[in-house]
Amino acid sequence: MSVAPQAPADPVPDPPRTPAGRYAPSPSGDLHLGNIRTGVLAFLCARTTGRVFRWRVEDLDRVQDGAAERQRADLESLGVDVDPPVLVQSARTDRYAAHLAALAERGLTYECYCSRKEIQAAPSAPHTPPGAYPGTCRDLGETTRRTARARLREQGRHPAVRLRTAHESVTVDDDFLGPVTGAVDDFVLRRGDGVVAYNLAVVVDDGETGIDQVVRADDLASSAPRQAHLAALLGFAVPRYVHVPLVLAPSGARLAKRDGAVTLRELDTLGFDVWAWLGRSCGFGPWSGMEQALAEFDLGRLAPEPVVFTPPAD
Ligand code: GLU
């Protein structure tokens, strides 16, 4: 990590010192086999490196009734033991607000009034990386801000809040992918609908619960430099990252519910051997269950290619 840690401006509870991994699904529906594989891998990485394993419900949006419970029940049925406490993001808005206020106090945030369309249409500033926020609202005067706030209010919108950054490039050492480098732009900390942004919630949750190993699918690898930068700013130790290959449908797109029988319940009904598939898809032989998986698992042997899953026909 190339960011110098800074002292936290806001005193936070001492993070627990027990090394811990986690799985943090969004409860938007039942887990499909790709999510299940990632959750099992997170558990295997944690347990085979002497870590406890925590569960977090990322329910700041897209919640389906009962999904959080079913997601956990599915993984527990495969032998994934969760160490308490289970964190629920919607119950932690005061923690996110406290960290946001501390960053604001340090002059590290600013309000942004841009719509997505305006951002896309804006010419990118010379020193910002391609695709980054062009900095339209970064240095506005107070009078312009007041007018912009009033304009949004009339439309029933709120300003978003962005992190003020130096647009530096940050590298994290991923235990699976190797170095992952990304430009850290002025990313959103609180969205225009008033909800805390994913990056801030994840960093605060991982930091305050002592998560020192983050295992998740590699579609989130590009978020790691921003999250590592933010963790360092907030005074948290940067966790070890392990981004594992996504599971794809035969079309090459990421696996989704519409691809057929992909949930544990659907696969069980068809007599599909989930454990055998998990073992093979990870580059081992067919596993008979969690016991064998724990005995054999070795991150160094995990196959690096994306895994293609063809749902069984019914
Ligand atoms: N909630 C996110 C998801 O379900 C994962 C966030 C994370 O692991 O950092 O995709």
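Order of appearance sets the numbers: ligands from 1, and atoms from 1 within every ligand.
With Glu58, Gln71, Arg216 as candidates, the residue nearest to atom 6 (C) of ligand 1 on a non-hydrogen basis is Glu58.
For Ala24, a nitrogen or oxygen atom sits less than 3.5 Å from a nitrogen or oxygen atom of ligand 1, counting backbone and side chain alike. Residue Arg56 places no N or O, backbone or side chain, under 3.5 Å from any N or O of ligand 1.
Think of Tyr198 as one node in a network of Ile, Leu, Val, Met, Phe, Trp and Tyr side chains linked at under 4.5 Å; its network also takes in Val202, Leu220.
Atoms of ligand 1 found under 4.0 Å from any heavy atom of Arg22 (numbered from 1 in listed order, with element): 7 (C), 8 (O), 9 (O). Within the listing of ligand 1, atoms 5 (C), 6 (C), 7 (C) sit less than 4.0 angstrom from a heavy atom of Leu220.
No hydrogens or angles considered: nothing links the side chains of Arg265 and Thr263 as a donor-acceptor pair under 3.5 Å. His99 and Glu208 form a side-chain donor-acceptor contact under 3.5 Å, judged by distance and modelled atom types alone. Judged purely by distance below 3.5 Å, without hydrogens or angles, the side chains of His243 and Asp174 pair a donor atom with an acceptor atom.
Not a single heavy atom of Gln227 sits less than 4.0 Å from an atom of ligand 1. Not close to ligand 1: Tyr23, with no non-hydrogen atom less than 4.0 angstrom away.
The side chain to side chain donor-acceptor pair (under 3.5 Å) test applied to Asp61 returns Arg191, not counting sequence neighbours.
No cation-pi contact links Arg151 to Tyr113, judged by a cut-off of 6.0 Å to the six-membered ring centre and 45° from its axis.
The parts of Ser26 lying near ligand 1 are both backbone and side chain, judged by heavy-atom distances below 4.0 Å.
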